[in-house]
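Okay, so here's the structure we're looking at.
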Protein chains: 2
Amino acid sequence: MTFVARRNRARCPTHPGVLLREDVIPATGRTKSEIAGLLGISRQHLYDILGERKPVSPSVAVRLGKLFGDGAGVWTRMQAAYDTWHAEQNEDVSGIPTIRAKAA
Amino acid sequence: MTFVARRNRARCPTHPGVLLREDVIPATGRTKSEIAGLLGISRQHLYDILGERKPVSPSVAVRLGKLFGDGAGVWTRMQAAYDTWHAEQNEDVSGIPTIRAKAA
DNA sequence: ACTATCGTCAACAAATAGCTTACATTGGCC
DNA sequence: GGCCAATGTAAGCTATTTGTTGACGATAGT
């Protein structure tokens, strides 16, 4: 028996909004309204992200990357993992076969 | 002088459609119309992806992952890299400062 | 009492994913 | 030549979704 590098995740990857809400923003000591202003997005939009109702779009990701000094990549990757997981849950791919490179 | 792990990419990351068009689909020996059918998406949609006009959405990523036996992750990551790079090119973040964790 | 922040809701604008239908072109194959 | 399948693109449409503004009540600080 061998261990395959499974990419089945039992649990949902955390939405980037959680990281922002729980860790990153508190660490700055700034108000959320102020953060929204610095990011150049509406206050409502930030709250939607923090509430995990809206995704971190590429546009927002680069803004977060600039504001917090890490790159956009962190935020992009978190969001991509989140999106992919949910797509895997919701999409019915049972009708799609797995094909191999052609024989000939 | 030290080398920082730069994430500045001079060149645009390749759109996943290119990989599909140049390598993956040819290796199967199937027609593109057939591939579209197997994926459960419209022929037009596949051509838009191959022509780099439409992105590989999470939904399409899991379909590709199933059809070709690799996971959705490959396609998701390629698309994310592509999207992020373009966002970095187009977004003006010059007005956004970089802040640090609070002093107090 | 006043003010700022908080968290949410509603309505709207803009962009986008994905579909159908249609068209012209190419390349077998009989 | 005639026929058919595959190719590549375009136009138009729908549904969804990102992001906005404006408003509302609640809470806390001064």
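Below, read A as the first sequence line, B as the second, and so on, with proteins coming before strands; counting in each chain starts at 1.
Hydrophobic clustering, with ILVMFWY side chains joined whenever heavy atoms are under 4.5 angstrom apart, keeps A:Val93 apart from A:Trp85. A single hydrophobic cluster is not seen to contain both A:Val18 and A:Val56; linkage of ILVMFWY side chains at heavy-atom distances under 4.5 Å, directly or through other members, places them apart.
Between the CG atom of B:Leu20 and the P atom of D:dT7 there is a distance of 14 Å, rounded to whole Å. In this entry the distance linking CD of B:Glu52 with C1' of D:dG8 reads 14 Å, nearest Å. Between the CG atom of A:Asp83 and the C1' atom of D:dT18 there is a distance of 13 Å, given to the nearest Å. In this entry the distance linking CD1 of A:Ile49 with P of C:dT8 reads 14 Å, nearest Å. With rounding to whole Å, B:Ile25 atom CD1 is found 13 Å from D:dT7 atom C1'.
Side-chain nitrogen and oxygen atoms of A:Ser33 include none within less than 4.0 Å of the OP1 or OP2 phosphate oxygen of C:dA4. Note on B:Thr31: every side-chain N or O is 4.0 Å or more away from OP1 and OP2 of D:dA5. Distances shown here put a side-chain N or O of B:Lys32 below 4.0 Å from the OP1 or OP2 atom of D:dG8.
Nearer the 5' end of DNA chain D, as judged by each residue's closest nucleotide, is the contact made by B:Arg30, out of B:Arg30 and B:Lys54.
Using a cut-off of 4.0 Å between Lys/Arg side-chain N and Asp/Glu carboxylate O, B:Glu52 and B:Arg21 are scored as salt-bridged.
The stretch residues 34-48 of chain A touches DNA chain D through A:Gly40, A:Ile41, A:Ser42, A:Arg43, A:Gln44, A:His45, each having a heavy atom within less than 4.0 Å of the strand.
In this structure, A:Arg53 reaches the sugar-phosphate backbone alone: every heavy-atom distance under 4.0 Å involves primed, P, OP1 or OP2 atoms, never a base.
Listed by first and then second residue, the ring-ring contact (aromatic ring centres under 6.0 Å, His included) pairs involving residues 10-56 of chain B are B:His15-B:Tyr82 (not counting sequence neighbours).
Without hydrogens or angle criteria, B:Arg63 side chain to B:Leu39 main chain gives a donor-acceptor distance under 3.5 Å. Using a distance-only test at 3.5 Å, with no hydrogens or angles considered, no donor-acceptor pair links the side chain of B:Lys54 to the main chain of B:Asp48.
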